[in-house]
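Right, one structure below, let's go through it.
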Amino acid sequence: MTMSRTRAVSRIFIYLILIAGSIVMLFPFAWLLRSSFMSTAQIFIFPPEWIPRPFEWRNYTDALTIVPFGRYFLNTMTIELFAVTGVVLTSAMAGYSFARLKWPGRNMMFGLVLSALMMPYAVTLIPTFTLWKSLGAINTYLPLIIPAWFGGGAFNIFLLRQFFSTIPKDLDEAAYMDGANPLTVLWRILVPLSMPAIIVITIFTFIGTWNDFLGPLIYLSDGDKYTLALGLASFKGMYNAQWGYLMAASTAVVAPIVLLFFVAQRYFIEGITLTGIKG
Amino acid sequence: MERNWGIAFAMPAVLGFFLFVLGPVVASFFFSLTDWNIGGQMNFTGFGNYREMFTEDKLFSKSLFVTLYYSLGSIPLGFLAAFIIALLLNQKVKGLSVFRTIYYMPVLVPSIANSMLWLWLYNPDFGLFNSLLNGIGLPGSQWIYDETMAVPSLILMSTWGVGNAMVIFLAGLQGVPGHLYEAVEVDGGGALRKFWHVTLPSMTPTIFFNVVMGTIGTLQVFDQAYVMTNGGPNNATLFYIYYLYRTAFSESEMGYAAALAWVLFLIILALTALVFRSSKFWVYYEGEGR
């Protein structure tokens with residue numbers, strides 16, 4: 001009797017903590033949304049109100065047109081398209097080569113490529129910048145896109161190599177018997193069987209590019225070429241105390257990612273787990 | 001045949017390593033031995049930059065201190081919170097996926113939007129935090145605008161992102177083999193014993209890996225300092241990368257900035273080596289038997 005009683009009490013306690021924590025987690029979102037719909041007059045009322053009266057939709061239409069957020073969105077999506085494609089293609093190729101194909105020096109090269117995981121980006125930042133500068137590529141998207149076509153990051157290569165290694169080799173060999181070459185084996189057998197990993201890499205590369213700030217900040221100087229993250233930061237410089245506008249613009253930058261999350265939640269959880277559990 | 005395909009397929013990654021990783025790392029070391037200023041001449045100065053850093057440059061030591069302060073504050077706090085939430089969620093609670101979604105959602109907020117939101121939450125006059133404090137009769141704070149509160153405020157802000165580590169820990173906890181718990185039960189052990197002898201040892205590799213990666217991450221914070229504080233007030237949030245960015249791209253002192261980058265690189269290397277060496281004392285890998 002007492003056993004089940006203490007059990008019940010402890011369960012109530014667990015739920016109480018979890019719910020309290022959830023409220024704390026949601027509070028900033030509520031603050032973001034409520035501010036994004038408030039007029040300047042209402043936003044500066046003390047004590048603060050939670051329900052916008054009236055809902056100031058103009059914050060969104062104004063904020064998103066005062067500076068060309070539509071343009072920023074297209075710019076960001078252009079970079080996304082090329083960067084994500086490059087990462088997926090070249091990391092799949094490298095992962096396949098390191099997992100399956102035999103060539104001299106392979107394991108040493110794999111070790112080298114993996115060692116990039118330990119390098120802070122700061123240490124490569126300045127020479128990479130001067131390289132692009134000497135090539136005249138400052139204020140273009142090349143510095144943000146081209147590196148994605150060179151292997152797509154050590155971690156993604158590692159992930160795909162691990163994934164490919166779990167697929168039975170008989171499948172490749174049967175295909176080779178039928179006269180397939182490594183490209184068709186990769187494309188027709190390994191990639192379709194590794195879709196979860198490929199989707200995870202796609203999503204996380206997409207988000208990484210969407211959120212990248214330092215890269216665009218260093219390489220893009222023309223306002224027309226700004227990405228969403230950079231545009232949002234510069235918007236803040238122009239409308240310092242217009243919190244309604246700032247929160248509306250921030251919401252517009254957050255919303256697509258949250259949407260993506262709800263569409264592909266399964267892959268998010270899988271992806272975080274893959275990246276976080278020691279290989 | 002296989003050999004050629006293999007080399008061709010690995011070629012982009014291998015070239016990328018030399019072009020965008022190893023090459024720049026070596027180049028930045030050479031830059032760090034010069035007084036190179038964009039638009040100016042490049043003169044070899046030996047270890048002059050490093051000497052200046054450790055003897056004269058007060059901003060260097062300040063930025064190092066501020067960054068370590070942030071790291072040491074946010075890492076333990078964040079991981080402890082994440083671990084506790086994961087433990088609670090692992091108690092077969094109803095609505096697990098709803099809770100998991102709520103705790104994870106803040107992680108999705110892009111860092112610039114996040115900085116913007118917290119700037120507003122911390123607004124001394126009309127922000128949420130001071131409103132809440134005043135509402136219950138407590139005095140407010142200047143938060144990020146106050147020299148002593150600035151870093152703690154950013155640490156607090158970082159805990160909003162516990163969701164990432166929480167999801168990882170939860171997956172780890174769910175992966176702990178049930179027979180281990182049963183073995184403790186057979187021996188008459190209770191919940192505390194299960195936690196101490198099964199849960200915690202099984203989780204140490206995951207905790208270990210994430211603490212290392214998390215620390216490397218926090219040593220490289222930049223966006224918050226750029227958007228929220230500009231490194232201020234009075235350099236209270238002059239994070240290392242922000243200082244490096246300013247040296248390189250506002251003052252164009254590429255040589256000195258490269259030296260700063262190399263010092264960070266060595267710190268991260270030393271830290272990782274230290275954690276890996278010490279890990280054998282506290283990390284348990286299954287099948288190791290000890």
Side-chain angles (χ1 to χ4, degrees), chain A residues 14 17-18 21-22 25-26 28 31-32 35 43-44 46-48 90 93-94 96-98 101-103 106 109 112-113 116 118-120 122-128 147 149-151 157 182 210-211 213-214 218 229 232-233 236 243 246-247 250 253-254 257-258 261 269 272-273 276-278, chain B residues 2-3 5-7 9-10 12-17 19-21 24-25 27-28 31 85 88 91 93 99 102-103 106 108-113 116-117 120-121 126 128 131 135 160 164 167-168 171-172 205-206 209-210 220 222-223 227 241 244 248-249 254 257-258 261-262 264-265 268 272:
Chain A
I14 288 173
I17 297 175
L18 285 175
S22 301
M25 289 286 132
L26 290 173
W31 186 254
L32 170 74
S35 308
I43 228 170
F44 291 134
F46 194 86
T90 56
M93 283 163 54
Y96 173 50
S97 177
F98 288 130
L101 302 172
K102 288 199 180 63
W103 45 280
R106 182 187 76 170
M109 274 304 158
L112 271 182
V113 168
M118 308 288 298
M119 311 280 179
V123 76
T124 58
L125 188 69
I126 288 160
T128 313
W149 287 83
F150 281 89
I157 296 172
W210 187 272
N211 296 352
F213 179 64
L214 189 57
I218 288 171
L232 185 59
K236 182 218 150 205
W243 290 106
L246 291 175
M247 289 304 106
S250 302
V253 174
V254 175
I257 300 292
V258 174
F261 173 71
I269 302 301
I272 308 152
T273 314
I277 303 277
K278 194 197 118 306
Chain B
E2 184 179 332
R3 178 169 175 264
W5 280 98
I7 293 173
F9 275 7
V14 171
L15 275 180
F17 174 76
L19 216 57
F20 296 115
V21 182
V25 169
S28 83
F31 288 171
I85 299 167
L88 293 177
Q91 304 304 310
V93 293
F99 280 123
I102 292 174
Y103 282 101
L108 296 167
V109 179
S111 73
I112 299 303
M116 212 83 102
L117 170 59
W120 176 219
L121 290 168
F126 301 100
L128 174 65
S131 303
W160 198 41
N164 205 48
V167 171
I168 294 168
T206 307
F209 176 74
N210 284 286
Q220 301 188 72
F222 173 77
D223 298 4
V227 175
I241 298 286
L244 189 154
F249 297 100
M254 293 295 181
W262 255 83
L264 180 69
F265 179 38
I268 288 180
T272 319

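Letters go in sequence order (proteins before strands), and every chain restarts at 1.
- For Phe20(B), the parts sitting under 4.5 Å from any heavy atom of chain A are the backbone and the side chain alike.
- Put simply, the side chain of Trp210(A) gets close to the backbone of Val253(A): a donor and an acceptor are under 3.5 Å apart.
- The parts of Phe265(B) that come within reach of chain A are both its backbone and its side chain, each placing non-hydrogen atoms under 4.5 angstrom from that chain.
- The parts of Phe126(B) that come within reach of chain A are both its backbone and its side chain, each placing non-hydrogen atoms under 4.5 angstrom from that chain.
- In this structure, chain B has a heavy atom under 4.5 Å from the side chain of Leu125(A), while its backbone stays farther away.
- Here the closest heavy-atom approach between residue Ala248(B) and residue Met254(B) is recorded as O-CE, 3.5 Å.
- Note that CG of Leu101(A) and CE of Met93(A) are 10.5 Å apart. Values are rounded to the nearest 0.5 Å.
- The part of Leu244(B) that comes within reach of chain A is its side chain, from C-beta onward, which places non-hydrogen atoms under 4.5 angstrom from that chain.
- Residues Gly151(A) and Thr90(A) come closest through the heavy atom pair N-OG1, 3.1 Å.
- Highest contact tally toward chain A, considering only Trp262(B), Phe222(B), Phe17(B), is held by Phe17(B) [criterion: heavy-atom pairs under 4.5 Å].
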Intermediate values then yes/no, side-chain contact (heavy atoms from CB on, under 4.5 Å), Ile85(B) and Phe99(B): CA-CA 10 Å; Ile85(B) 299 167; Phe99(B) 280 123; over 6 Å; no
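- Comparing Leu15(B), Leu19(B), Leu128(B), Leu264(B) by heavy-atom pairs within less than 4.5 Å of chain A, the highest count is held by Leu128(B).
- For Trp149(A), the part sitting under 4.5 Å from any heavy atom of chain B is the backbone (N, CA, C, O) and nothing else.
- Listed options Pro28(A), Ala229(A), Pro48(A) were ranked by heavy-atom pairs under 4.5 angstrom with chain B; first place goes to Pro28(A).
- Using a 4.5 Å cut-off between heavy atoms, Met118(A) contacts chain B through both its backbone and its side chain.
- The shortest heavy-atom contact between Arg3(B) and Trp103(A) is O-CB, 3.8 Å.
- When each of Pro120(A), Ala122(A), Ala233(A) is checked for heavy-atom pairs under 4.5 Å with chain B, Pro120(A) comes out on top.
- Taking the six-membered ring where tryptophan is involved, the planes of Trp120(B) and Phe44(A) are perpendicular, since the angle between them exceeds 60° and thus also 30°.
- Using a 4.5 Å cut-off between heavy atoms, Phe31(B) contacts chain A through its side chain alone, with no backbone atom that close.
- At a 4.5 Å heavy-atom cutoff, the contact between Ala27(B) and chain A is made by backbone and side-chain atoms alike.
- For a residue to count as touching a neighbouring chain, one of its non-hydrogen atoms must lie under 4.5 Å from one of that chain's; by this rule Leu117(B) touches chain A with backbone and side chain alike.
- Ranked by heavy-atom pairs under 4.5 Å with chain A, the first of Pro24(B), Ala261(B), Gly16(B) is Pro24(B).
- The CH2 atom of Trp31(A) sits 11.0 Å away from the CH2 atom of Trp243(A) when rounded to the nearest 0.5 Å.
- No other option in Asn164(B), Val21(B), Val93(B) has as many heavy-atom pairs under 4.5 Å with chain A as Val93(B).
- Smallest separation of non-hydrogen atoms from Arg106(A) and Ser97(A): CD-O, 3.6 Å.
- Rounding to the nearest 0.5 Å gives a distance of 5.0 Å between CG of Leu26(A) and CD1 of Ile102(B).
- Interface remark: Ile268(B) contributes side-chain atoms only to the contact with chain A (heavy atom separation under 4.5 Å).
- Interface residue Thr272(B): only side-chain heavy atoms are found under 4.5 Å from chain A.
- At least one donor-acceptor pair under 3.5 Å links the side chain of Lys236(A) to the backbone N or O of Val227(B).
- Interface residue Leu232(A): backbone and side-chain heavy atoms are both found under 4.5 Å from chain B.
- Shortest non-hydrogen contact noted between Ala10(B) and Phe98(A) is CB-CZ, 4.2 Å.
- Between chain B and the options Pro182(A), Pro147(A), Ser250(A), heavy-atom pairs under 4.5 Å are most frequent for Pro182(A).
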